[in-house]
Structure formats: structure tokens, C-alpha cells
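Being a predicted model, the structure only gives us computed values, none of them experimental. Counting begins at 1 with the first residue of the sequence.
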Amino acid sequence: MALNALTDSPIVAFTILLTVIFTVPPIFERLRLPGLVGLLVAGVVLGQNGLKLLNHESETITLLSDIGKIYLMFVAGLEIDLEQFRKTRNRSMGFGILTFLVPLLAGIAVGRLFNFSWNASVLIGSLLASHTLLAYPIVSRLGVVTNEAVTVTIGATIFTDTGALLVLAICVGIHGGEFSALSLATLLGGLAIYSAVVLFGFDWAGKEFFRRSGDEQSNQFLFILLALFLASVGAQVIGIEKIVGAFLAGLAVNDVLGRSPVKEKIEFIGSVLFIPCFFVDMGLLIDIPAFIKTLSSVWLTVVIVVALIGSKFIAAFLAKLLYRYNTAELMTMWSLSLPQVAATLAAALVAYQTVNPAGERLISEGVLNSVIVLMLVTAILGPVITSRFASSLQLSQADFETDSLITWWQGNEGEQVEQKQYPFTVLVPIYNPQTQRYLIEMAALLASHESGRIVPLAITRAHVQMDDPQLVTALDKSRERLNLAKEISQEFEVEVSPAIRIDDDAALGISRTSREQNASLIVMGWSQTKGLRARLFGNVIDSVFWSSHCPVAVTRLLSSPKTIQRILVPVGDLTRQTIGALRFAQILADVNQAEVVLLHVYDRKSPPNRVEKFVSQLSDIAAKSQLQVNTNIQTIKGDDVARVVIREAEAFDLAVLRSVRYRTAGGLAVSEVTTQIIQQLKCSIVLLGEPHS
């Protein structure tokens with residue numbers, strides 16, 4: 001009795017949830033299984049068929065799961081790249097229609113085959129029609145996001161997810177009570193008006209609020225959360241499911257958030273707390289005896305899985321014929337559209353919990369269990385196929401047309417024109433006198449090579465009164481640091497323009513000054529901020545990456561940059577960012593007459609012809625440089641990229657890495673080998689990041 005009373009406590013339930021979320025996903029990821037699977041298993045173990053520590057019907061679980069469900073769909077809307085969709089709008093719509101209609105028809109056929117009603121059959125079809133871009137991090141890492149087939153598939157997501165949720169809204173409405181043509185017309189009319197209000201109204205209101213609130217991230221964060229829950233409540237008011245409102249809210253504020261720090265915080269809160277709670281609750285719903293019974297009469301599950309895999313392939317094959325894509329593009333489109341996670345699971349749970357006046361559920365427990373099996377199969381199969389075929393995609397020629405580092409630093413053509421009116425400028429924020437010399441030397445070497453200038457910057461924390469003695473003392477210390485920076489710069493005969501800025505926020509002070517000075521690059525020292533506080537609020541480097549208009553080079557220099565003779569550049573893909581890292585290394589090598597080694601670690605299963613093609617393309621890019629720099633390419637076979645890079649770097653003075661972060665459509669972070677490399681490298685490091693990265 002005491003144990004039951006204890007487990008009924010909301011605080012105890014929440015503590016158990018946090019423990020599961022903290023411990024279980026890493027264990028499953030070490031076993032090469034998705035962390036989400038671990039959360040489902042934990043729900044089964046802790047639920048009514050296991051240890052009975054968590055109850056699906058408790059208010060705590062219900063609240064957190066409901067928030068997680070709408071958060072999942074909200075993040076799915078946020079993750080859709082509207083810019084990519086606009087670039088290939090027509091073809092994205094074409095493939096979207098194919099990959100929506102073919103699985104929809106297949107699902108309806110499955111439903112009728114197993115004697116489900118027409119309404120339930122259409123609902124099953126809608127569950128198969130959507131897709132989750134679970135393998136997006138793979139195509140990002142391979143640098144093939146600019147390939148048209150990938151862009152079209154990403155753009156198609158907006159159509160499939162929206163269409164599937166609209167079908168869900170109609171099916172739930174029909175199942176909920178007496179249905180007539182008038183009620184359907186009323187539902188569709190209300191949905192159309194509501195969608196327009198959310199998509200256009202929230203977009204306008206968000207842009208206005210962000211413009212007026214400036215840099216008040218806390219208020220912006222609350223505004224976005226309010227928009228999410230207002231849209232969800234509004235959906236319920238007009239009689240449709242709240243996850244439809246959450247998804248539309250995500251689309252509505254997509255442009256508002258862009259790649260701002262607020263978006264990172266929104267996704268962070270969802271990915272570490274609410275979305276995992278939803279998956280644990282899904283596990284609590286799984287009735288083991290019923291699940292085993294469903295699997296014993298395995299035909300429903302098998303047919304649903306085969307129908308999904310087959311129909312998605314047919315849709316991709318039709319797109320291949322229609323748009324004349326090659327086999328690698330066909331397989332990549334198919335594998336990207338395979339995983340059924342976010343919209344599918346959320347919609348399946350809604351349908352299962354929808355009961356009509358006669359007490360009948362919209363879909364049976366067998367269908368729900370089949371959908372869970374479908375999620376497990378496609379969540380594993382999709383990324384595996386993507387990693388196998390996406391590396392064979394042809395890369396855009398535009399990615400290779402980079403003859404100088406300045407082209408990468410400037411980004412688009414409009415900015416290149418603007419840059420010609422200004423000298424090449426390197427901004428150097430200085431604070432620590434012990435690391436100041438090496439920072440200034442690095443900036444001066446780059447600036448002198450490009451016939452530019454450096455801007456040493458000292459940020460002084462603002463006070464309420466400008467005559468505050470502490471502020472006066474801080475300004476004096478800043479001037480001392482700037483005088484030292486000026487002396488060091490004069491050794492390199494480079495133009496120096498020291499600057500002092502009084503600002504409440506060091507990161508924004510750096511970004512604003514770099515914009516005012518029209519900087520081409522920011523060179524910063526390493527920040528030691530770690531742990532939970534850094535994850536929640538970010539550190540100065542993270543904030544500068546987000547807010548800067550130009551690339552940022554974060555350095556950990558163990559010796560003078562003038563002594564660097566061997567530079568290592570790990571190359572995993574052929575993206576524009578990789579080319580930028582290569583050009584950075586070549587310019588530094590040109591100054592010091594140093595050697596650059598491009599290290600490519602390839603998988604043991606990679607065909608030799610693919611590795612040869614990669615090396616050939618990389619060699620062409622390296623040769624296009626106008627600099628006469630000794631650049632060599634080294635390829636090593638290995639499964640642990642980080643370990644190989646760390647081992648090879650022992651013979652080098654400097655490693656040039658690039659900062660890249662990936663997130664899945666569910667908002668769950670994907671680990672990156674860069675972190676492990678940085679922690680264990682014993683040589684100097686330059687970590688390059690593009691704006692908003």
C-alpha cells in the first residue's frame with residue numbers, strides 16, 4: 001500500500017521519468033539502437049504489465065505526454081525547411097502528392113482487406129502517408145542536401161504531414177458522432193479559416209513581436225510557447241485534434257524563428273523532456289499480452305509494414321521516371337521518406353484514444369501495435385539505406401566553385417559586391433592576456449596575407465551609471481589590452497583598428513561590432529563553459545555562432561601560429577563548409593610555407609571506386625586554389641573516425657575542424673565526432689563555424 005501511494009505521487013512519477021530519460025537512451029544508442037526504442041521499452045517495463053511504477057492514466061503522465069505529443073508535431077513543423085521548399089516548390093509538390101496518395105491508397109486497401117470500416121481504413125492510409133526526416137542528419141553530414149532529389153524529398157514533407165493530419169481531423173470528426181455532408185463542410189470550412197489564421201496571423205504577430213522585443217530571448221521564448229498552446233487550444237475549439245494546431249503553429253513561426261538561439265532553446269526543452277515523456281507513455285500503452293497476440297496473428301503487422309515500404313518505393317520510383325533521377329537518387333528519396341515516427345505515432349495515438357458514443361475506438365489495439373512495429377522497422381531501415389546510397393549522389397557543381405577563402409567568407413553574391421568596397425577585416429575579441437598574443441598573431445597572419453586589417457576588440461560590461469568607478473577601471477584595463485594587441489600587430493606590419501565596446505551581452509557586443517566593422521572573419525579564443533548551464537543558456541561561442549553575420553574561427557593555440565608547419569584537415573564530405581576549412585588551412589600554410597594534409601576516413605564497407613571518386617573530387621578542389629601550397633590527401637579505412645583523427649593528429653601542429661550540429665525532425669540531438677576529437681587532441685585547434693550554425 002505504501003509503495004502504491006508513493007508511485008501515485010506526481011513528484012515520484014516525474015522523478016522516475018527523468019531517471020528513465022537520462023539513463024535509457026544512451027544505453028540503447030551504445031547498442032546501435034535508436035534511443036526512442038529504449039524509451040518505449042522503458043515504458044513497457046515500468047507500466048501496468050511490468051513493475052507498475054508508472055500509470056498511463058495518472059494526471060502527471062497524461063499532462064507531460066500531451067505536451068510531448070503536441071511538442072513533437074510543433075518541432076516537426078519547425079524542422080521543415082521552407083527555403084528548400086520554395087526552391088523546388090513544383091517538384092516537391094509533385095513528389096509530395098505521389099508519396100502521400102500511393103501509401104494512402106495502400107493503407108485503405110489494407111484496412112478493407114482486414115474488414116475495417118471505410119473511415120478506419122482511410123485513417124490507416126493517412127498513417128502511412130506521412131513521413132519523418134529521421135535520416136536528414138545523414139544527408140547533412142554527407143554534404144548532399146543541395147542535391148535536387150534530397151531537396152525535393154525535404155520539401156515534400158510539408159505536403160505529406162499536412163495532408164495526413166487533415167485526413168486525421170476529418171476521420172476523427174466522422175467517428176465522433178453523427179456525420180452528414182453539412183457537418184463535413186462545416187469541419188472543412190472551419191479548418192480552412194483556422195489554418196489561415198494560424199499560418200498568416202501567427203507569422204505576422206511573431207515577426208512584429210520579435211522586431212519590437214529586440215534581443216529579449218526570454219520573452220521571445222514565452223511568445224513561441226504561447227503560440228504553440230494557443231494554436232492547440234484553437235484546434236480543439238473548432239473540433240479538430242490539437243496536434244494539427246501544433247503542426248500548423250510550427251509552420252507559422254518557422255520563418256519567425258529562422259535559426260535563432262530561441263529556436264535552439266525551444267527544441268532543447270522539447271527534446272530533453274516533453275518528447276521523451278510522450279515516447280515513455282507510448283510504452284505504457286503497450287499491452288504485452290495483446291501485443292504478443294497481435295504478433296502471433298502476424299499478418300496485419302506484416303501487411304502494414306510491407307504496404308508502407310512498397311508504396312513509398314513506388315512513389316519514389318514514379319518520381320524517378322517523372323523527373324529523370326538516377327538510381328542513387330531514387331533510393332535516397334525512398335529511404336528518406338520511409339521512417340514513420342513523429343506524425344505517424346502522434347496520429348495513431350489520437351486515433352486509438354478516439355471513442356465514439358457506442359464505445360468503439362477509431363483504430364484497434366492491433367493497428368496501434370502494428371504502427372509501433374512499423375516505427376521500429378522504418379526508424380532503423382530508413383537511415384541504413386540512406387547512409388548506403390546518399391554517398392553516391394552527385395554533388396552540385398556550385399559547391400566546388402570556390403577559388404578563394406573570401407568567397408566562402410562572403411556567402412552570397414550581394415555580399416561579395418559589398419566586400420569589394422572594404423578591406424579584408426579580422427575581428428579579434430580579447431580578454432585573457434595569457435592567450436592574447438597567439439590570437440593576435442593568428443589574425444595578423446590571415447589579414448596580412450589578404451592585405452587587410454585586424455580589429456582587436458575589448459568588451460566591457462555595462463553599468464547603470466557611466467561614471468561608475470568599476471566601469472572606469474574596466475575601461476582602463478581594456479585600453480591596456482588593446483595597446484598590447486597593437487604592439488603585437490605592428491610586428492606583422494598590418495593595419496590595426498582597436499575598438500572598445502560597452503555592452504550588457506559579450507556575444508552580441510562581438511557580433512554587432514563585427515557587423516559595424518564589416519568583418520570578414522571573427523577569431524576567438526577557446527571558452528571553457530561546460531555542463532548543464534552551457535546546454536541551457538549556451539556560452540559566448542555558441543551565441544556568436546548564432547548571431548554573427550560572418551564565419552567564426554575558435555582557436556585553442558598551444559604555440560605561436562608562426563611556428564605551424566604541418567596542418568591536418570579531416571574531410572568527411574565535400575560541402576561548402578569543408579572547402580572553407582581547406583582554404584583556411586591553405587592560406588595559413590601559404591604564410592608559413594607549411595604542409596596541408598587532407599585526411600579522409602572511410603567506412604570499411606565503402607566500395608573502392610567510391611573512395612577513388614571522392615579523392616579525385618577532393619584533389620580537384622585542392623588544386624583550384626590560387627595558392628602554391630603543398631597539399632596532400634591521405635585516406636584511411638576505419639569505423640571509428642574520431643580515434644583515427646586523434647591518432648593521426650599526433651604528428652601535426654594544428655588541426656582545422658568545422659563546427660556542425662544536427663537535429664532530427666523529432667528535435668533529438670545527434671552526436672557528432674567533433675566533440676570527442678576536440679577533447680582528446682593534443683595539438684592546436686581551429687574550429688570553424690559558419691553564421692547561424
Side-chain angles (χ1 to χ4, degrees), residues 404-405 408-409 426 428-430 432 434-450 454 488 491-492 494 520-528 541 551-572 577-601 618 621-622 625 627-634 636 641-660 672-690:
S404 72
L405 186 58
W408 177 67
W409 279 340
V426 183
V428 194
I430 54 175
N432 187 349
Q434 295 179 340
T435 60
Q436 180 175 331
R437 168 168 281 276
Y438 292 165
L439 270 180
I440 296 295
E441 285 184 3
M442 173 68 79
L445 286 173
L446 295 168
S448 62
H449 186 279
E450 298 293 314
I454 67 171
I488 298 170
E491 298 174 16
F492 295 85
V494 65
S520 310
L521 176 71
I522 298 173
V523 175
M524 298 178 64
W526 207 264
S527 168
Q528 295 300 321
I541 292 172
V552 182
V554 181
T555 64
R556 187 185 72 188
L557 300 171
L558 306 181
S559 60
S560 170
K562 295 185 293 185
T563 64
I564 292 171
Q565 290 301 306
R566 301 198 73 210
I567 303 174
L568 179 69
V569 185
V571 179
Q577 294 88 343
T578 302
I579 297 170
L582 166 58
R583 297 291 182 243
F584 182 97
Q586 287 180 321
I587 285 182
L588 197 56
D590 192 43
V591 174
N592 288 346
Q593 301 301 304
E595 175 194 15
V596 175
V597 174
L598 309 178
L599 175 63
H600 177 57
V601 183
L618 186 57
I621 294 169
S625 171
L627 308 174
Q628 300 300 314
V629 175
N630 182 16
T631 304
N632 299 311
I633 299 174
Q634 182 180 358
I636 295 179
V641 176
R643 183 181 297 176
V644 173
V645 172
I646 292 164
R647 184 187 70 221
E648 295 299 316
E650 292 178 0
F652 289 83
D653 305 311
L654 174 72
V656 178
L657 310 171
R658 60 189 182 90
S659 173
V660 182
E672 180 64 16
V673 295
T674 305
T675 304
Q676 185 181 346
I677 293 172
I678 289 170
Q679 290 172 347
Q680 299 184 39
L681 276 185
K682 297 196 170 112
C683 63
S684 295
I685 298 171
V686 170
L687 185 68
L688 283 171
E690 274 202 298

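Minimum heavy-atom separation, S559 to S684: N-OG, 3.9 Å. Residues P429 and L439 share a closest heavy-atom pair of O-CD1, 4.0 Å. Summarising the geometry of I488 relative to E441, their closest heavy-atom pair is CG2-CG, 4.1 Å, with the distance given to 0.1 Å. The shortest non-hydrogen separation linking I522 to M524 is CG2-CG, 3.6 Å. Contact record, A581 with L688: CA-CD1, 3.5 Å, taken as the closest heavy-atom pair. In plain terms, the two heavy atoms of A585 and V596 that are nearest each other are O-CG2, 3.7 Å.
Looking at H449, its side chain never comes within 3.5 Å of a backbone N or O of V591 through a donor-acceptor pair. For N592 (side chain) and P561 (main-chain N/O), a donor-acceptor pair under 3.5 Å exists by modelled atom type. Looking at S520, its side chain never comes within 3.5 Å of a backbone N or O of V426 through a donor-acceptor pair.
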Output a table of donor-acceptor pairs, distance under 3.5 Å, between side-chain atoms of residues 645-653 and any protein atom two or more places apart or on a different chain; print 'none' if there are none.
residue, atom, partner, partner atom, Å
E648, OE1, Q634, NE2, 3.2
D653, OD2, Q565, N, 2.8
D653, OD2, R566, N, 3.0

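Take T555 and apply the side-chain hydrogen bond (donor to acceptor under 3.5 Å, both in side chains) test, not counting sequence neighbours, and it matches no residue. Applying the side chain to side chain contact (heavy atoms under 4.5 Å, CB included) test to S448 and every residue at least two apart in sequence or in another chain returns nothing.
Counting only heavy atoms from C-beta outward, the side chains of V629 and Q593 never approach each other to under 4.5 Å. Contact of the L657 side chain with the I685 side chain is registered, since non-hydrogen atoms from C-beta on lie closer than 4.5 Å. With a 4.5 Å cut-off on side-chain heavy atoms, L521 and L446 count as touching. Put simply, the side chain of I454 reaches to within 4.5 Å of the side chain of I440, judged on heavy atoms. E450 is listed as a side-chain neighbour of I587, based on a closest heavy-atom distance under 4.5 Å. Contact of the V597 side chain with the I567 side chain is not registered, since no non-hydrogen atoms from C-beta on lie closer than 4.5 Å.
For the atom pair CE (M442) and CG (L557), the distance works out to 4.5 Å, reported to the nearest 0.5 Å.
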- Test log, rule side chain to side chain contact (heavy atoms under 4.5 Å, CB included), inputs L654 and L568: CA-CA 6 Å; L654 174 72; L568 179 69; over 6 Å; no
- Test log, rule side chain to side chain contact (heavy atoms under 4.5 Å, CB included), inputs V686 and R556: CA-CA 7 Å; V686 170; R556 187 185 72 188; over 6 Å; no
